[in-house]
Amino acid sequence: MSDLRSSKRISAEADDSSRKKARKDNDMDEDESYNPYLAHRQQGNGKSHHGVPSADSPFAGFQPRKTTAEQHSKVENLSDNAFTGQPHSQKYFQILETRRDLPVHKQRQEFLEKYHSTQILVFVGETGSGKTTQIPQYVVYDELPNLSGKMVACTQPRRVAAMSVAQRVADEMDVKLGEEVGYSIRFEDMTGPKTMLKYMTDGMLLREAMHDHEMSRYGCIILDEAHERTLATDILMALLKQIAARRPDLKIIIMSATLDAQKFQRYFNDAPLLAVPGRTHPVEIFYTPEPERDYVEAAIRTVLQIHASEPEGDILLFLTGEDEIEDACRKISMEADELQREVDAGPLVVYPLYGTLPPQQQQRIFDKAPPPLRKGGKPGRKCIVSTNIAETSLTIDGIVYVVDPGFSKQKIYNPRIRVESLLVSPISKASAQQRAGRAGRTKPGKCFRLYTEKAFKKELIEATYPEILRSNLANTVLELKKLGVEDLVHFDLMDPPAPETMMRALEELNYLACLDDDGELTTLGGLASEFPLDPALAVMLISSPEFYCSNEILSITSLLSVPQIFVRPANNRKRADEMKSHFAHPDGDHLTLLNAYHAFKGQSVNDSHGAKQWCHEHFLSFRHLSSADNVRAQLKRIMETHGLELVSTPFEDKNYYNNIRRALLSGFFMQVAMKESSGKVYRTVKDDQAVLIHPSTVLRTEYDWVLYNEFVLTSKQYIRTCTGIRPEWLMEIAPTYYDLETFDDGDVKRSLMRAAEKKRRKAAMKSDR
DNA sequence: GAGCACTGC
């Protein structure tokens, strides 16, 4: 119950003190954007002491935050680039023409007026409106960061988007990427001292905020794709709402698709709204008259019907996961061949699409549809069978038909047993609309929904629950503490999570000693928040020098932060398992991962080109091992910055592996299971869930106690990536959690008591001698 | 003896 107590105390605190402190720390003038006392910070050419452009500047006459679309246009038309002083390229003027053709351009003046009238603006633009590329540029011309010294930031939920949009906008502004326009994502900061406009991932802005609670580098922050409601976007919105109250000079724009616009407006104290139409084609929607029993079968049938009877155009089918997709692809291909023979249908190529597919194979979806089999024959088409990845992350032009069975895999969190799992669930109305929209990108399209119209209207929820309601929040709570949020219960989130989820997170962090009993961030917690890791992993890494194995734990942590490195193709499972057994360590999967990594590194040192081939032969993922290497380098840098030593126990030492297993426990002592007296079933400590060790394990020794990395809920309850441990270690390494007083009577308690007794006797014998 | 929707730091 300690969690309840500590969280009550947290909520009882008013956040006045933090607000006052922040106000004092904040060096911005409250009433004026351009503080003369800050003039010394400003750099660049052609400006006066007050941040207003001088008479000889191309921006002469511009009053920051009072500019007009006409002024912008004039400067854009100049033969020289007003920001760099360089002559504009030919390409620049070509792009400028297409930019002025975008729907959003017509409303440039209207946008500026709204922007001037308010601190927070909600901007709604459909796909194809040009909002992501244009709005930030309009803001740059109005803010003139080259004079004010305050950047414009635009966040994206995904890295690729941040990178590609930044490149596009750099071209549009005729500047070099990384100079006036740049981007910042994990592993890559493409910005410089001249950067005015910065595209970045939402997670990256959150990281920055941990060290700059006022986000003082920015004059305007634009949150793009806010309707996606990622964890980071939700936290940023709440944070920005707070900061906006302290920093009247900070402007905020929330950009979103139409559906939730009013919800955003209400949340931001009735902020004004500007809507811009998109540029898409109409999509005709068809529903099934009766509910379908087997949606995969119905989907395959629909695809084949479209192919047999509808005019030219590619097909996009949404299914839920890899297996289902591969299976459907096979069936569609087979049936389509038959159609070709029987009714002279055109050729149909089928491509699977999902996130874990290697990038080269993902690229194939952009191949052109096949030509007719013979001259004058029916045209060919392609059919893409995809997960939700095609709903948001990837857009494919040329899609005319969408088949939507109405399901996707979604993460859900059960705080009672502290388990996140994936569940096939019905999609939301917003999702269904997004999917349908994929059919109208190049010409009018059709969307076949494999559910009834009544089901759409009555059974589908409006929008998918935001991620914050479906996640374990331990990491989020730690981040918020580091962000200086004192009062978590009254932190004004758009959709506050269930109290039980919050309690669980506080409890977990308290056990990990990241929060003290008063809910305050401890030194350990502060350090843990510096790492881009879940709290248990961060604590394990920070504790590892005490166990003389920080080098090894650093590697294991990195390997646990990337997708599975062991590859197991469906047609070659036996051989893959054989290869994996070469790396197997009898004490568990963590040590097996380490063995594979060490072998990979040994290979890379000798022959970096051969490493790829070597991985292929050994059924290891070169991509994921390289990415683990990348993560490792980042984590290592953070360790060095904070004076955490990188040490190893000599390999010849008999405690080399024991030290590693003990260090694993320093973070994962809450993820431990004990074998029941009979059979193969284990029970998790405290949560008391019956679990099986996942069949992918290398554990062969019959351990009574194991620690696990992951609890997976599929056909059964499994624990995955397991390592054997000794019960006496638990009480030694995590005495508070394993305080026997707190355990209910039962097998677990009895077994722990026996271990404690054995240990006492051993110690007594030692001291007798 | 099984499966990994998708992101992100």
Side-chain angles (χ1 to χ4, degrees), chain A residues 155-162 184-189 200-211 225 228-236 318-327 353-357 362 386-394 407-412 420-425 427 431 464 466-468 470-471 475-476 478-479 482-483 528-535 537-538 561-570 573-574 576-577 621 624 627 630-631 634-635 637-638 680 692-699 710 712-721:
Chain A
T155 68
Q156 298 293 322
R158 284 166 290 278
R159 283 190 216 158
V160 263
S184 175
I185 58 175
R186 186 182 186 182
F187 304 126
E188 199 182 3
D189 181 10
M200 64 207 298
T201 46
D202 46 16
M204 199 69 203
L205 183 59
L206 210 50
R207 281 265 141 203
E208 280 189 6
M210 286 186 185
H211 294 110
E225 314 289 3
E228 287 192 28
R229 303 291 306 276
T230 66
L231 248 171
T233 299
D234 269 21
I235 297 167
L236 281 173
F318 286 100
L319 289 178
T320 64
E322 177 175 342
D323 277 3
E324 205 177 80
I325 287 171
E326 292 291 358
D327 198 40
L353 176 63
Y354 43 86
T356 47
L357 204 65
Q362 277 192 18
S386 171
T387 62
N388 253 4
I389 194 169
E391 197 182 300
T392 47
S393 311
L394 272 167
F407 292 96
S408 70
K409 269 192 196 167
Q410 289 169 33
K411 187 175 74 179
I412 52 163
E420 283 183 353
S421 51
L422 287 171
L423 197 71
V424 174
S425 330
I427 59 168
S431 250
T464 311
E467 201 184 355
I468 199 165
R470 300 183 283 118
S471 309
N475 202 11
T476 304
L478 185 66
E479 275 172 11
K482 178 72 174 184
L483 285 160
S529 71
E530 297 285 334
F531 291 90
L533 294 170
D534 277 341
L537 282 170
S561 309
V562 298
Q564 183 64 258
I565 60 163
F566 296 106
V567 180
R568 200 161 179 263
R573 289 187 183 159
K574 215 172 152 207
D577 290 348
S621 159
H624 297 153
S627 134
N630 210 2
V631 172
Q634 187 194 27
L635 298 177
R637 273 196 304 276
I638 301 173
K680 292 183 168 171
L692 294 172
I693 295 187
H694 197 274
S696 64
T697 190
V698 301
L699 262 184
E710 206 181 2
V712 286
L713 189 64
T714 49
S715 52
K716 296 189 183 112
Q717 298 201 106
Y718 290 107
I719 49 177
R720 191 162 48 190
T721 314

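Convention: sequence-line order gives letters A, B, ...; per-chain numbering from 1.
A salt bridge links A:K411 with A:E467: the closest approach of a Lys/Arg side-chain nitrogen to an acidic carboxylate oxygen falls below 4.0 angstrom. Using a 4.0 Å cut-off between a side-chain N of Lys or Arg and a carboxylate O of Asp or Glu, A:E322 and A:K409 do not qualify as a salt bridge. A salt bridge does not link A:E188 to A:R159: none of the charged nitrogens lies less than 4.0 Å from a carboxylate oxygen.
Between the CD atom of A:Q717 and the C1' atom of B:dG3 there is a distance of 17 Å, given to the nearest Å. Here the P atom of nucleotide B:dG3 and the CG atom of A:D327 are 15 Å apart, to the nearest Å. Remark: C1' of B:dA2 and CD of A:Q564 are 12 Å apart, rounded to the nearest angstrom. Nucleotide B:dC4 holds its C1' atom 16 Å from the CD1 atom of A:I412, rounded to whole Å. Atom CD in A:E326 sits roughly 15 Å away from atom C1' in B:dA5 (whole-Å rounding). Taking atom NE2 on A:H624 and atom C1' on B:dC4, their separation rounds to 10 Å, with Å as the unit. Following rounding to the nearest Å, A:E479 (CD) and B:dG8 (P) show an atom-to-atom distance of 15 Å. Whole-Å rounding puts the A:L205 CG to B:dT7 P distance at 21 Å.
An OP1 or OP2 oxygen of B:dC4 is reached within less than 4.0 angstrom by no side-chain nitrogen or oxygen of A:K409. At the phosphate of B:dA2, OP1 or OP2 sits under 4.0 Å from a side-chain N or O atom of A:Y718. When the side-chain nitrogen and oxygen atoms of A:R159 are compared with OP1 and OP2 of B:dC9, one or more of them lie within a distance under 4.0 Å. Within the 4.0 Å cut-off from OP1 or OP2 of B:dT7, not a single side-chain nitrogen or oxygen of A:T392 is found. Listed pair A:R720 / B:dC4 meets the phosphate criterion, a side-chain N or O lying under 4.0 Å from OP1 or OP2.
Among the atoms of the strands shown, base atoms are found under 4.0 Å from some heavy atom of A:D577. Across all strands, A:R186 comes closer than 4.0 Å to base atoms (heavy-atom distances). At a threshold of 4.0 angstrom between heavy atoms, the contacts of A:L206 with the nucleic acid are absent. When heavy atoms are screened at a 4.0 angstrom cut-off, A:S408 is found touching no nucleic acid atom at all. A:T230 comes within contact range of no nucleotide atom at all, as no heavy-atom separation falls under 4.0 Å. Within 4.0 Å (heavy atoms only), A:K411 reaches at least one base atom of the nucleic acid. Contacts of A:L422 with the nucleic acid, taken as non-hydrogen atoms under 4.0 Å apart, include base atoms.
Residues A:L533 and A:T320 both approach DNA chain B. Their nearest nucleotides, taken by heavy-atom distance, put A:T320 toward the 5′ side. Comparing A:Q410 and A:K680 along DNA chain B, the residue whose closest nucleotide (by nearest heavy atom) sits nearer the 5' end is A:K680.
At a cut-off of 3.5 angstrom, counting only N and O atoms as typed in the model, there is no donor on one side facing an acceptor on the other between the side-chain of A:R573 and the base of B:dG1.
Nearest to the side-chain atoms of A:S696 among the listed nucleotides B:dT7, B:dA2, B:dC9 stands B:dA2. Taking only side-chain atoms of A:I389, from C-beta outward, the nucleotide of B:dA2, B:dC4, B:dT7 with the closest atom is B:dT7. Listed candidates were B:dT7, B:dA5, B:dC9. Nearest to the side chain of A:T387 is B:dA5.
Applying the side-chain hydrogen bond (donor to acceptor under 3.5 Å, both in side chains) test between A:Y354 and each of A:Q362, A:E326, A:E324 identifies A:E326 as the sole match.
Under the 3.5 Å distance criterion, the side-chain polar atoms of A:H624 are matched with a main-chain donor or acceptor of A:Q564.
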Exercise. Checking salt bridge (Lys or Arg N to Asp or Glu O under 4.0 Å) for the pair A:R158/A:E228: CA distance, chi angles, key distance, verdict?
Worked result: CA-CA 11 Å; A:R158 284 166 290 278; A:E228 287 192 28; 2.8 Å; yes

